[in-house]
Amino acid sequence: MSKFFINRPIVAMVVSIVMVIVGIITISSLPVAQFPNIVPPEIQVLATYVGADAQTLEQSVAAPIEQQMSGVDNANYMYSLNATGNSSTTLIVDFDIKTDPNNDLILTQSRETQAASQLPTDVTNYGITVRKSVTAPLVLLDLYSPHGTYDAKFLANYAYINLNDPLSRLPGIGNVQVLGAGQYAMRLWVKPDQLAKLGITVPDIVSALQSQNTVNPAGKIGGEPAPKGQEFTYSVLAQGRLSSPEEFGNIVVRETPY
């Protein structure tokens, strides 16, 4: 057979060309997965308990969620990470590779809802996030200022505003995390000795902040039913949330009547 094609090279070329054409036609219909599932789906549950240490996070946040999460369908294993730095708990549930990540997310969300009644009020008020993600990052992007014009805080805030949301909307992206500096925020420092003299606790300060740093809708003037001759309706804009250090410094924590 080999001598036949050696002695007739034109026939060999024609057979090769026919095989290439047939392969190009049939390759589009071959049942071959281009990107097979090789990594088991992971669902992350993130909870924050402001001011708590790692042991408190483990006992009051991680333990109730893990108890409700035990026995969830198609789950291989789970583990939690308690970070004192940002007072947060991250529970990672690993599912079987054959499962649908969307279905795994729904199952995890339902179990987390069952544990909500056993969690501290501050945790539920802050909010619990359940999302599809993996612990190992896929891509790392680095932002820098070539001439040192902008510092790390500015670059981190730029990433939150201009990169975080667009990247999160890309197909297949479960989570975008900005490492390094955090978002712009205002931190209030207290003096423990002054609090002890005045008989004020930190929860008292938090309660005063929550009650006075609010959005206050004031309604409108001239709305229906309006008196005769009223031609215009005015919306009343009241003072909203506090925005400057001076405004936070004027918060009344406790008032003693005379």
Distance-only polar pair, side chains of [X] and [Y], donor-acceptor under 3.5 Å:
X	Y	result
Asp204	Ser207	no
Asp165	Ser168	no
Asn76	Asp94	yes
Asn74	Thr99	no

State, yes or no, whether a side-chain contact exists between [X] and [Y] at a heavy-atom distance under 4.5 Å.
X	Y	value
Leu141	Leu167	yes
Ile251	Leu242	yes
Asn102	Lys132	yes
Leu188	Leu209	yes
Arg111	Ser70	no
Val190	Ile200	no
Arg254	Leu198	yes
Asn103	Phe95	no

State whether the side chain of [X] and the backbone N or O of [Y] hold a donor-acceptor pair below 3.5 Å, judged by distance alone.
X	Y	result
Glu247	Ser243	yes
Asn250	Glu246	yes
Gln109	Val130	no
Arg241	Asn213	yes

(message) Which residues pass the ring-ring contact (aromatic ring centres under 6.0 Å, His included) test with Tyr150, not counting sequence neighbours?
(response)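 Testing Tyr150 for ring-ring contact (aromatic ring centres under 6.0 Å, His included), a comparison that skips the adjacent residues, returns Phe154.
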
(request) Mind checking ring-ring contact (aromatic ring centres under 6.0 Å, His included) for Phe248 and listing every partner two or more places apart, or none if nothing turns up? (result)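 For Phe248 there are no ring-ring contact (aromatic ring centres under 6.0 Å, His included) partners, ignoring immediate neighbours.
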
(message) Can you confirm whether Tyr160 is buried at OH, in the sense that more than 12 heavy atoms of other residues, nucleotides or ligands lie under 6.0 Å from that atom?
(response)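 Check passes, neighbour count above 12.
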
(message) List the residues meeting side-chain contact (heavy atoms from CB on, under 4.5 Å) with Gln59, not counting sequence neighbours, and say none if there are none.
(response)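 So Gln59 forms a side-chain contact (heavy atoms from CB on, under 4.5 Å) with Gln55.
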
(message) Would you compute the distance between atom CD1 of Ile21 and atom OG of Ser16 and round it to the nearest 0.5 angstrom?
(response)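 OG of Ser16 is found 11.0 Å from CD1 of Ile21.
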
Do [X] and [Y] sit in the same hydrophobic cluster, where Ile, Leu, Val, Met, Phe, Trp and Tyr count as joined when their side-chain heavy atoms come under 4.5 Å apart?
X	Y	value
Ile128	Val50	no
Leu57	Leu119	yes
Val45	Tyr77	no

